[in-house]
**Student:** 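Just passing along the structure, written as structure tokens.
The structure displayed is predicted, hence computed values, not measured ones. Proteins get letters first, then strands, A, B, ... in listed order; numbering begins at 1 in each. FYI, side chains are in, hydrogens and waters are out, and symmetry mates aren't considered; it's all heavy atoms of this structure.
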Amino acid sequence: MTQPGANGGGETLVEVFDLHKHYTLPKESLFRAAPRVFALNGVSFSIKTGRSFGVVGESGCGKSTLARAVMGLETPTSGRVLFREHDINAIGREELRQLRRNFQMVFQDPFGSLDPRQKVGRIIGEPMDALERVSSDERQGRVVEALEAVGLKAIDMDKYPHEFSGGQRQRIAIARALITRPALIVADEPVSALDVSVQAQVLNLLQDLQDEFNVTYMLISHDLAVVEYVCDEVAVMSEGKIVEHGPTEQIFSDPQHEYTRTLLDAVPQVAPPR
Amino acid sequence: MTLLSVENLSVTLNTMGGPARAVRDMTFTLERGETLGLVGESGCGKSMTALALMGLLPETARASGAVRLEGENLLEYSEAAMCRVRGNRIAMVFQEPMTSLNPLHTVGHQIGEALSLHRKLGRGEAQKEALRLLEVVGIPDAGKRLGNYPHQLSGGQRQRVMIAMALSCGPDLLIADEPTTALDVTIQKQILDLIRNLVNDLGMAMILISHDLGVIAQSVDRVHVMYGGGTVESGPTAAIFEHLSHPYTQGLFAAMPKLGQRAKRKDGAKRQRLNTIPGVVPELADLPAGCTFAERCGLVTDECRAAPPPLTSVAPPAGNASSGNASAGIAPARIVEDHFAACVHLDEARARLNSA
Amino acid sequence: MGANLTFVQRCIRHRSFVAGGILSGALVGIALLSVVWTPHNPIKMNIRGRFADPTWNHLLGTDQFGRDILSIIMSGAQNSITVGVVAVGIGLFFGVSLGLLASARRGWWEEIIMRMSDFMFAFPAILLAIMLVATIGPGAVNAIVAIGIFSIPVFARLTRGAANAVWAREFVLAARAAGKGRFRITVEHILPNIVSVLVVQTTIQFALAILAEAALSYLGIGSQPPTPSWGRMLSEAQTMIFLNPWLAVYPGLAIAMSVLGLNLLGDGLRDVIDPRLARER
Amino acid sequence: MSLFLVKRFITFLATLFGATILTFLALEILPGDPALVILGVDAPDSAVEALRLEMGLDRPAIERYFDWISGLLQGRFGTSYTYSVSVLELLEARLGITIPLALMAMVLSVVMALSLGLYAASQHNKRGDVTVMGVSQLGISVPNFWLALLLILLFAVHLRWFSAGGFPGWENGVWPAFKALILPSIALATVQGAILARFTRSAILETMREDYVRTARAKGLTRRATLWKHVLRNALIPVVTIMGLQFANLLAGTIVVENVFALPGVGRLILQSISQRDVVVVRDLVVLLAAMVVIVNFFVDLLYAVIDPRLKAHDI
């Protein structure tokens with residue numbers, strides 16, 4: 001693992017160059033070309049180790065596609081995704097598999113992202129099992145370690161996901177992402193399915209884990225307040241493009257792009273109590 | 001006469017785990033032109049309350065208490081009588097605009113349906129009225145949209161159609177259950193503005209249900225904060241957000257990340273942690289005997305667990321107003337008469353908030 | 001259906017599961033019993049004792065050759081079960097494999113496999129079975145193979161549909177993000193999540209196989225004499241329907257009860273295995 | 001005309017084409033030389049050879065396939081070996097039995113299924129529902145040829161209202177002919193109707209849980225009005241699919257049921273031709289039946305486009 005700089009921002013971990021992703025829709029007409037959707041339309045950015053990078057935008061702006069492309073789950077139409085200077089779409093399948101231990105993902109739906117037929121211990125251990133052979137003792141030890149890191153107990157290993165609440169399930173998903181001690185965690189709407197009181201617990205957990213393990217986050221969310229709270233840097237996406245990008249304070253206090261302003265204006269606010 | 005008066009409304013669901021009290025002793029009144037917000041997290045009973053008002057509870061549910069619409073108790077109405085109320089005097093907008101419209105009928109047909117049902121309008125008249133309604137809710141090119149099917153519209157437009165449908169018979173009361181939760185923020189703003197303006201213009205009453213404190217704060221006159229099926233705090237919106245009184249309301253507010261907070265942090269200061277409410281929402285099937293929030297509350301005592309705390313005025317009795325508020329540090333003038341909270345430790349809770 | 005009840009408790013509480021279980025259990029039990037013991041030799045004829053009325057010796061009487069009807073029916077259960085097991089086995093193996101393949105590869109693979117199964121659906125099942133049997137010649141084995149081939153598209157379609165739904169879940173994406181390949185995901189995530197659907201369909205296909213075999217045997221192109229078969233008993237009974245109507249009742253009842261049992265079991269299983277599935281229905 | 005229908009039409013043609021190939025191949029590997037079958041095993045080799053030439057059996061399979069297809073496309077059917085008449089001629093009288101039988105059974109099963117399914121769904125979990133579901137469960141489990149036998153037992157042997165089988169022919173009056181088809185169509189329709197009834201019920205129950213049904217109720221529509229105006233049409237979409245698929249089973253069922261009732265229909269002809277190795281008749285009939293199934297399913301697709309506006313959305 002790379003050593004971070006003193007102030008938590010060091011070398012570049014992820015670089016994305018001019019990423020495009022087009023989908024072809026089913027043909028609507030026999031004599032016209034099938035319509036295409038430009039999910040990503042030339043996206044470039046980089047994330048430094050130990051920092052939190054947020055992507056905000058409305059539904060259909062391409063932010064989830066971006067997350068999957070960074071995870072190597074979606075092959076871009078053009079452009080490059082570099083993880084520690086390895087182009088994840090150019091390296092071999094085995095190399096990519098080995099590289100995967102360094103970046104893991106947390107998903108939106110705490111009910112859909114855990115296999116209901118598997119016990120929690122197996123779910124959490126999955127990224128480890130997929131990549132390396134570990135002795136069952138070591139495996140057990142690391143699962144317990146991950147469980148405890150997210151505030152769950154060792155005995156929870158032998159339970160099934162349905163025995164947990166939404167917030168606890170999201171903790172399990174985070175534990176799964178932590179098990180390979182990754183440098184980067186891509187979190188796609190990790191709290192949008194949770195109630196406010198539970199959401200706060202998970203957001204605090206993400207922050208604690210960053211302090212403890214110096215993990216880098218790429219956080220995808222439609223919720224501007226969440227992104228502002230978690231992230232050091234923010235990219236605002238609209239129609240497959242990043243329309244504004246910069247340090248969080250600057251984006252939220254002095255937005256330059258019209259769209260960012262519209263977005264910020266639309267968020268219903270509660271006046272803080274006097 | 002009071003338009004709507006809900007008295008001790010309770011809803012019991014027959015679940016596999018035994019009877020669950022989804023709504024407990026909800027009491028409120030609503031006048032024409034007034035807007036009321038029900039806010040709370042999932043499972044707090046806010047949607048069940050709405051369905052009880054509509055008489056559309058699931059078959060396994062029983063409602064007790066009274067829902068009086070201009071004095072008449074709707075809970076005693078026959079199904080046929082209730083059908084004449086629904087869509088006519090009380091109308092509802094639901095959360096999912098994508099699935100709440102029938103995919104096989106045109107927009108015009110679906111809006112016209114209530115008109116021909118309650119107003120006995122003919123086909124042509126109903127369509128003419130539907131066209132007017134589409135224009136009212138701000139759908140561009142309304143004439144063309146009338147013949148469209150739902151799948152040809154965007155989510156925001158569908159929600160506008162839902163609103164047009166709800167408004168079609170000029171109801172006295174509009175219930176909007178999370179009307180913008182499935183929509184993007186920019187669309188949410190448009191829809192909320194639309195609803196607010198329509199309620200103002202048409203002089204009807206509205207109950208807005210949301211889990212989002214921000215949406216509630218900007219949209220309604222009065223608020224009921226719900227937890228575990230009952231009201232834990234109620235009052236004018238401004239008063240509630242100014243004096244968060246119940247420990248749950250305080251916790252909910254503190255747990256919410258708020259825009260613009262980062263800029264206020266001192267440079268180089270470590271990130272602030274969000275305040276959290278420990279524990280999880282209790283199962284409705286086995287709610288505690290006392291305060292439903294007791295197990296998650298920092299101020300809990302045996303008294304809380306003994307019996308459900310009554311809703312008490314946040315404003316102390318006139319006699320000891322000054323002494324009562326001195327410790328809490330709240331200027332008496334700001335305290336509003338009809339601000340209530342169901343907590344036996346109100347003073348401590350408020351003191352805690354002010355010292356923080 | 002309380003989520004807290006154990007699997008066994010849910011089973012016992014489910015009426016059609018219990019009824020189906022008893023009937024299906026009886027079918028299997030009788031078939032097994034008939035291997036070692038029947039009241040009389042089901043093949044042995046006794047012309048002098050034909051069309052005997054039910055007595056303690058011949059509980060259901062005898063047929064036109066004086067054979068004990070109860071014994072033939074008991075042995076007939078073997079035939080039905082064999083057909084069911086083999087035919088459904090064929091369908092299950094090929095159908096599930098093709099369905100999983102279609103779902104895992106998508107694209108052209110899926111298109112081809114699904115078009116093929118659509119095509120099979122468009123063809124009347126028994127018609128093609130008749131053709132197959134006619135091609136290779138009548139006989140129990142050919143009938144079984146023909147029936148088996150017909151359950152392939154049913155399983156392929158079902159598997160592919162259920163598997164696609166599982167592939168769309170986030171936990172599969174999580175497994176991909178973890179670096180697992182399509183094969184491992186199919187084995188570790190997809191298959192366990194569609195097993196309940198498959199088990200239910202298997203019992204239903206089993207029932208259909210028994211029905212189809214009976215029909216083919218009735219038409220004289222299924223299992224051949226002297227193997228006892230319910231379908232053929234019925235075709236023989238029809239020629240004597242004015243003479244001895246009861247002969248046409250027992251074998252049909254045996255078929256109907258077996259099929260009913262399996263159908264009830266399938267319905268029950270659907271509710272019992274996966275309470276969530278039951279609610280969705 | 002929408003892209004959906006164009007696609008379905010192409011599938012329709014492809015399926016028909018596939019059916020002809022499958023049938024041809026299956027019969028090509030059919031053991032037994034047709035010429036030998038016709039002339040008998042004892043026939044002199046020279047006679048067999050002459051007949052083979054006459055029938056064109058010496059030509060390559062692909063050529064014969066195209067001959068067959070082009071013949072079919074021009075409405076020319078083959079000539080039966082055993083009957084020595086055109087298949088078309090054989091069909092004429094027989095279709096007069098099979099088609100009315102299939103249609104009667106189809107109508108009966110659909111009427112039965114929709115009314116029972118609707119009734120059961122409206123009585124969900126009440127006594128009526130449980131009864132209908134129990135009876136339909138039984139209906140599914142009964143083999144259609146046994147039901148046919150039971151009907152014969154009751155109505156022909158016992159009550160003597162109907163004859164046990166046979167067909168008087170349409171030329172001897174419509175009523176006797178119709179009467180001869182009543183029991184067979186009941187036997188055919190019961191099983192299909194039971195399956196369809198269960199399916200209809202579950203489709204309706206599923207649709208009743210949709211959000212837009214709640215919207216309709218919130219408008220003030222009664223439960224019954226909601227069922228008729230909003231639930232039924234939506235629930236029909238899956239039901240219609242199953243109906244189309246069931247038509248195949250229904251046709252197959254005619255083969256069996258015609259045999260039970262000794263009706264000289266297409267099904268019986270097929271069975272006879274198979275046992276007589278009359279390849280020409282078999283392949284023409286199989287393709288005919290397959291074509292009927294495919295055509296019905298194509299009409300089901302047309303029906304879809306009528307019911308569901310989402311499918312007509314895109315014009316060519």
**Student:** Quick check on the interface: out of B/Thr186, B/Leu183, B/Ile216, who has the most heavy-atom pairs with chain A under 4.5 Å?
**Tutor:**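 The answer is B/Thr186.
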
**Student:** Please check: side-chain N/O of A/Gln269 versus main-chain N/O of B/Gly214, any donor-acceptor pairing under 3.5 Å?
**Tutor:**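 Pair absent, no side-chain N/O of A/Gln269 close to backbone of B/Gly214.
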
**Student:** Give, as side chain, backbone, both or neither, the part of A/Thr262 having an atom under 4.5 angstrom from any heavy atom of chain B.
**Tutor:**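 Contact with chain B is through both the backbone and side chain of A/Thr262.
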
**Student:** Minimum heavy-atom separation for A/Ala200 to B/Ala255, with atom names?
**Tutor:**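 Closest approach of A/Ala200 to B/Ala255, heavy atoms only: CB-O, 3.4 Å.
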
**Student:** Above 12 or not: heavy atoms from other molecules or residues under 6.0 Å from NZ of A/Lys159?
**Tutor:**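 Above 12, so yes.
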
**Student:** Donor-acceptor pair, B/Asp184 side chain versus A/Glu58 backbone, under 3.5 Å?
**Tutor:**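 Not at all, since once roles are kept as given, no pair shorter than 3.5 Å links the two residues.
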
**Student:** Tell me, side chain or backbone of A/Leu224 under 4.5 Å from chain B's heavy atoms, or both, or neither?
**Tutor:**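 A/Leu224 touches chain B through backbone and side-chain heavy atoms alike.
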
**Student:** Taking side chain as C-beta onward, heavy atoms only, is B/Thr276 less than 4.5 Å from A/Ser197?
**Tutor:**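 B/Thr276 does not reach A/Ser197 side chain to side chain.
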
**Student:** Using a 3.5 Å distance criterion without hydrogens, assess whether the side chain of A/Gln207 forms a donor-acceptor pair with backbone atoms of B/Arg273.
**Tutor:**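 No, the answer is negative, given that no donor and acceptor are paired below the 3.5 Å cut-off.
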
**Student:** Would you confirm whether B/Glu41, through its side chain, and A/Val196, through its main-chain N or O, come within 3.5 Å as a donor-acceptor pair?
**Tutor:**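 It does hold such a pair.
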
**Student:** If we define contacts as heavy-atom pairs under 4.5 Å, which of A/Leu203, A/Leu263, A/Thr248 has the most with chain B?
**Tutor:**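 Heavy-atom pair counts peak at A/Thr248.
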
**Student:** Taking the side chain as every heavy atom from C-beta outward, state whether B/Lys189 and A/Pro268 have any pair of such atoms under 4.5 Å apart.
**Tutor:**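 B/Lys189 does not reach A/Pro268 side chain to side chain.
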
**Student:** Applying side chain to side chain contact (heavy atoms under 4.5 Å, CB included) to A/Glu228 and B/Leu259, what does each step give before you reach the verdict?
**Tutor:** CA-CA 7 Å; A/Glu228 189 201 329; B/Leu259 267 188; 3.3 Å; yes

**Student:** Examine whether an atom of B/Asp193 lies under 4.5 Å from a heavy atom of chain A, and if so say whether it belongs to the side chain, the backbone or both; otherwise answer neither.
**Tutor:**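 Neither; nothing under 4.5 Å.
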
**Student:** Are any side-chain N or O atoms of A/Tyr229 and backbone N or O atoms of B/Leu274, one a donor and one an acceptor, separated by less than 3.5 Å?
**Tutor:**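 Yes; judged by distance alone, with no hydrogens or angles, the pair exists.
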
**Student:** What part of A/Gln201 is in contact with chain B, defined as an atom under 4.5 angstrom from a non-hydrogen atom: side chain, backbone, both or neither?
**Tutor:**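 Both backbone and side chain.
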
